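A short worksheet on the structure shown next.
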Amino acid sequence: MNRRALEEQLVREILKDYLDHPRALRMNDFSQHGRITTYAHCYRVAMFSYRLIQRLRIKADLSVLLVGAFLHDMFLYDWHTIGRMNPYHATNHAELACRNAVRYFDIDESTQHVIRSHMWPVNITRLPRSREAVIVNIADKWCSLVETLTCRRGMAGHRKKR
Ligand SMILES: [Fe+2]
Ligand SMILES: [Fe+2]
């Protein structure tokens with residue numbers, strides 16, 4: 001088994017109570033960036049967070065890091081539609097995701113902090129104050145950028161073929 005497969009196996013083991021939970025699976029119903037669903041985005045942020053701490057040899061609480069990363073966008077609505085009606089999506093979805101995570105998974109304070117602070121500096125008052133929160137904040141921004149660029153390239157390619 002290669003390194004990436006081993007990393008994925010470890011992440012899936014830590015998230016085993018979350019990945020197939022019906023409420024978490026609902027994230028598959030919503031698009032996050034183009035063809036990437038919210039579920040796929042959250043899973044990618046969890047994997048990237050894990051790879052970051054491995055590569056940089058950062059010590060972190062793996063459960064807080066990975067559960068926080070996987071549930072960080074569990075707001076459970078289509079933000080493309082709601083966003084037009086609710087211009088505050090960018091600043092309030094972290095709180096909504098956190099409320100859902102507490103309601104369905106009873107997560108601890110440290111994990112709640114990872115979710116609440118993932119939109120800093122857009123949410124200027126929610127400064128990441130733990131190692132896990134900083135990592136997820138960075139991982140989310142990187143994954144969102146890559147997903148957005150990939151999605152645009154895909155769309156441009158599609159238009160060219162027509
Ligand atoms: Fe978010
Ligand atoms: Fe996100």
Side-chain angles (χ1 to χ4, degrees), residues 1-80 93-120 122 126 128-155 157-158:
M1 196 181 273
N2 65 31
R3 183 177 180 170
R4 283 181 92 85
L6 272 172
E7 287 173 343
E8 184 142 9
Q9 191 181 49
L10 193 140
V11 168
R12 295 191 76 85
E13 174 61 28
I14 292 170
L15 292 177
K16 65 179 186 303
D17 295 335
Y18 300 87
L19 292 172
D20 295 326
H21 189 284
R23 292 292 171 175
L25 287 171
R26 278 208 63 211
M27 292 194 284
N28 275 313
D29 296 341
F30 308 107
S31 157
Q32 188 75 4
H33 302 116
R35 288 158 295 175
I36 307 283
T37 65
T38 305
Y39 185 99
H41 165 71
C42 288
Y43 184 72
R44 289 162 70 117
V45 172
M47 280 308 307
F48 191 76
S49 298
Y50 182 72
R51 287 184 182 128
L52 258 185
I53 63 158
Q54 288 298 303
R55 303 298 185 271
L56 302 176
R57 297 174 191 270
I58 297 170
K59 283 189 180 168
D61 182 316
L62 285 182
S63 173
V64 169
L65 180 84
L66 296 177
V67 173
F70 182 63
L71 301 178
H72 82 276
D73 273 336
M74 201 178 67
F75 44 82
L76 300 179
Y77 57 77
D78 182 351
W79 68 268
H80 303 82
H93 76 268
E95 186 59 39
L96 292 170
C98 189
R99 272 189 226 160
N100 283 337
V102 170
R103 186 171 168 199
Y104 302 128
F105 297 105
D106 195 25
I107 56 168
D108 64 18
E109 285 285 335
S110 304
T111 311
Q112 289 177 42
H113 175 66
V114 170
I115 299 174
R116 282 204 177 95
S117 62
H118 86 266
M119 284 303 289
W120 187 86
V122 176
R126 296 291 189 188
R129 294 183 192 279
S130 67
R131 216 171 277 179
E132 294 80 7
V134 170
I135 296 290
V136 171
N137 185 289
I138 294 167
D140 180 47
K141 279 163 186 59
W142 176 252
C143 291
S144 296
L145 177 69
V146 171
E147 289 164 12
T148 303
L149 292 177
T150 308
C151 152
R152 283 196 182 148
R153 270 209 305 273
M155 284 166 70
H158 185 64

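Just so it is clear, the structure is predicted and the values come from calculations on it, not from any experiment. Atoms considered below: every heavy atom in the structure, side chains included; atoms not considered: hydrogens, waters and symmetry mates.
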Examine distances only and state if a side-chain atom of [X] and a backbone atom of [Y] form a donor-acceptor pair shorter than 3.5 Å.
X	Y	answer
Arg116	Arg126	no
Ser144	Asp140	yes
Gln112	Val102	no
Asn137	Ser117	yes
Lys141	His118	yes

Check your understanding: Do the side chains of His33 and Val146 get nearer than 4.5 Å, heavy atoms only?
Key ->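 Of all side-chain heavy-atom pairs linking His33 with Val146, none is under 4.5 Å.
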
Check your understanding: With a 4.5 Å heavy-atom cut-off, do Met27 and Gln32 have their side chains touching?
Key ->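 The answer is no; the side chains never approach within 4.5 Å.
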
Which distance, rounded to the nearest 0.5 Å, do you find between the [atom1] of [X] and the [atom2] of [Y]?
X	Y	atom1	atom2	result
Arg131	Lys59	CZ	NZ	8.5 Å
Thr37	Glu147	OG1	CD	9.0 Å
Thr150	Ile36	OG1	CD1	7.0 Å
Asn100	Asp73	CG	CG	11.5 Å
Ile135	Ile58	CD1	CD1	3.5 Å
Leu25	His21	CG	NE2	9.0 Å

Are [X] and [Y] close enough that their ring centers fall under 6.0 Å?
X	Y	result
His72	His93	no
His80	Phe30	no
Tyr39	Phe70	yes

Point to revise | Evaluation steps, side-chain contact (heavy atoms from CB on, under 4.5 Å), between His113 and Ser130 | key: CA-CA 8 Å; His113 175 66; Ser130 67; 3.8 Å; yes

Point to revise | Minimum-distance pair of heavy atoms, taken over all atoms of Ala97 and Leu71 | key: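 In terms of heavy atoms, the two residues are closest at CB-O, 4.0 Å.
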
Point to revise | For the student: nearest non-hydrogen atoms of Ala101 and Ile107, plus distance | key: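 Answer, listing the atom of Ala101 first, then Ile107: CB-CD1, 3.6 Å.
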
Only distances under 3.5 Å count here; give the side-chain donor-acceptor pairs of residues 6-19 to other protein atoms, sequence neighbours excluded, each with its distance to 0.1 Å.
unit_1	atom_1	unit_2	atom_2	d
Glu7	OE1	Arg51	NE	2.9
Glu7	OE2	Arg55	NH1	2.7
Glu8	OE2	Tyr43	OH	2.7
Arg12	NH1	Tyr43	OH	3.2

Exercise for review: Kindly indicate, with the supporting measurements, whether the criterion side-chain contact (heavy atoms from CB on, under 4.5 Å) is fulfilled by Leu62 and Tyr50.
Suggested key: CA-CA 8 Å; Leu62 285 182; Tyr50 182 72; 3.8 Å; yes

Point to revise | From CA spacing to verdict: side-chain contact (heavy atoms from CB on, under 4.5 Å), Tyr77, Trp79 | key: CA-CA 6 Å; Tyr77 57 77; Trp79 68 268; 3.9 Å; yes

